[in-house]
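Since the structure comes first, as structure tokens, the remarks are kept for the end.
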Amino acid sequence: MPNTRTNAPRGALVFDTRTLGRQAGSSRTQQLTVPAPDDMRLELARVPVGTDLQLDVRFEAVTEGVLVTGSATAPLEGECARCLGPLAATVTASFTELYLYQPDKHDRHDKHDRHNRHDKHERFDEDTEQDDEELFYLDGDLLDLEPVLRDAVVLALPMSPLCREDCPGLCVKCGVPLADAGPDHGHEDAPDPRWAGLKQYHDQAPRRTGAIDLQEG
């Protein structure tokens, strides 16, 4: 049996689809605000848990189950990838997913009998098994949108967020944010300590040459 991934307790992202009546073509649209679930994050960007997440979602009954389409807008927090300063923005993600009806007992028995009749050909294909794991099923009439919503939002998060498009980043020598340091920020070229001995010889060379010229005169 494929993993239904719909066994979460009833919450803000679990919807009752009984009003659709399992009549193909029937639909309903909802606009609502729900608390953002956890684990909506990447290394530098995240949706804070519990913040208001705006949902615009459409449920449509089809022959195989319920087709869900919609979009979500959520606040975004994180760190700028260039200057490491805090940033605040919003992220919008779209999603489309088909939630299948659970097969009834009669269908399961028929599948089991056909499987036994073809026992000599029984082999599980790894690719097919992976595809089954990605299927979503209704839990009775309940539809858990959380895993689909989380996947969509995480995919929409920026991997390298910026506090602004023209962020100059950090000074490579002292690490100060260049946006705060100003255009006059700079550093004098410090001598390489490996060349200190050569520089000392260079400074003394003119004096030695003058002394030789004086003796010759």
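FYI, side chains are in, hydrogens and waters are out, and symmetry mates aren't considered; it's all heavy atoms of this structure. Everything quoted here is computed from the prediction, not taken from an experiment.
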- Query: In chain order, what residues pass the side chain to side chain donor-acceptor pair (under 3.5 Å) check against Thr96, with sequence neighbours excluded?
  - Reply: none
- Message: Set out, in order, the CA-CA distance, both residues' side-chain angles and the distance that settles side chain to side chain contact (heavy atoms under 4.5 Å, CB included) for Leu142 and Asp16, then state yes or no.
- Response: CA-CA 5 Å; Leu142 299 180; Asp16 194 334; 4.2 Å; yes
- Under 6.0 Å between the ring centres of Tyr101 and Tyr137? no
- With sequence neighbours left out, write down each residue that passes salt bridge (charged side-chain N to carboxylate O under 4.0 Å, His left out) with Arg164, or none if nothing qualifies. Asp166
- Tell me, do Asp39 and Val49 make a side-chain contact under 4.5 Å, heavy atoms counted? no
- Roughly how far, to the nearest 0.5 Å, is the CD atom of Glu97 from the CG atom of Leu145? 9.5 Å
- Dump the intermediate steps for side chain to side chain contact (heavy atoms under 4.5 Å, CB included) on Leu76 and Leu157, then the final yes or no. CA-CA 8 Å; Leu76 174 66; Leu157 293 176; 3.6 Å; yes
- Query: Would the number of heavy atoms belonging to other residues, nucleotides or ligands and lying under 6.0 Å from CD of Glu43 be above 12?
  - Reply: no
- Task: Kindly indicate, with the supporting measurements, whether the criterion side chain to side chain contact (heavy atoms under 4.5 Å, CB included) is fulfilled by Leu53 and Leu149.
- Result: CA-CA 11 Å; Leu53 189 150; Leu149 178 62; 4.1 Å; yes
- Message: So, taking the atom named CZ in Phe95 and the one named OG in Ser71, what distance separates them when rounded to the nearest 0.5 Å?
- Response: 6.5 Å
- Message: Holding to side chain to side chain donor-acceptor pair (under 3.5 Å), I want the full list of residues that pass it with Asp56, two or more places apart in sequence or in another chain.
- Response: Gln31
- Query: Is any side-chain heavy atom of Val66 closer than 4.5 Å to a side-chain heavy atom of Leu143?
  - Reply: yes
- Task: Evaluate the side-chain proximity of Phe15 to Arg28: yes if any heavy-atom separation is below 4.5 Å, no if none is.
- Result: yes
- Note on the structure: Output for pair (Tyr99 OH, Thr17 OG1), nearest 0.5 Å, gives 11.0 Å
- Note on the structure: In short, Asp52 meets Pro75 closest at the heavy-atom pair O-CD, 3.2 Å
- Query: Under 4.5 Å between side-chain heavy atoms, hopping through other hydrophobics if needed: is there a path connecting Leu162 to Leu44?
  - Reply: no
- Could you walk me through whether Leu135 and Leu100 pass side chain to side chain contact (heavy atoms under 4.5 Å, CB included), step by step? CA-CA 8 Å; Leu135 296 177; Leu100 300 172; 4.2 Å; yes
- Heavy-atom pair of closest approach, residues Thr51 and Pro48: OG1-O, 2.7 Å
- Out of curiosity, Ser26 OG to Glu60 CD, how far, rounded to the nearest 0.5 Å? 8.0 Å
- Query: What is the minimum heavy-atom distance between Ser94 and Ala152, and which atoms define it?
  - Reply: O-CB, 3.7 Å
- Nearest-0.5 Å distance, CG of residue Leu178 to SG of residue Cys83: 9.5 Å
- Contact check, side chains of Phe136 and Leu98, non-hydrogen atoms, under 4.5 Å: no
- Query: Side chains of Val68 and Val148: closer than 4.5 Å at any heavy-atom pair?
  - Reply: no
- Would you say Thr92's side chain and Thr73's backbone share a donor-acceptor pair under 3.5 angstrom? no
- Does Arg58 reach the side chain of Leu67, with side-chain heavy atoms less than 4.5 Å apart? no
- Do Val47 and Val91 come within less than 4.5 Å of each other through their side chains, counting heavy atoms only? yes
- Taking the side chain as C-beta and beyond, is there a heavy-atom pair between Leu42 and Val154 under 4.5 Å? yes
- Any idea which heavy atoms bring Gly175 and Leu170 closest together, and the distance? O-CD2, 3.5 Å
- Summary of salt bridge (Lys or Arg N to Asp or Glu O under 4.0 Å) pairs that have at least one residue in residues 64-86, sequence neighbours excluded: Arg46-Glu79
- CD (Glu146) and CG (Asp151) are apart, to the nearest 0.5 Å, by 10.5 Å
- Task: Group every Ile, Leu, Val, Met, Phe, Trp and Tyr by side-chain heavy-atom contacts under 4.5 Å, then state whether Met40 and Leu32 land in the same group.
- Result: yes
- Query: Under the side chain to side chain donor-acceptor pair (under 3.5 Å) test, which residues partner Thr29, sequence neighbours left out?
  - Reply: none
- Query: Do you know the tightest heavy-atom contact between Ala156 and Ala93?
  - Reply: CB-CB, 3.8 Å
- Query: Mind checking what makes side chain to side chain donor-acceptor pair (under 3.5 Å) contact with Thr33, not counting sequence neighbours?
  - Reply: Gln54
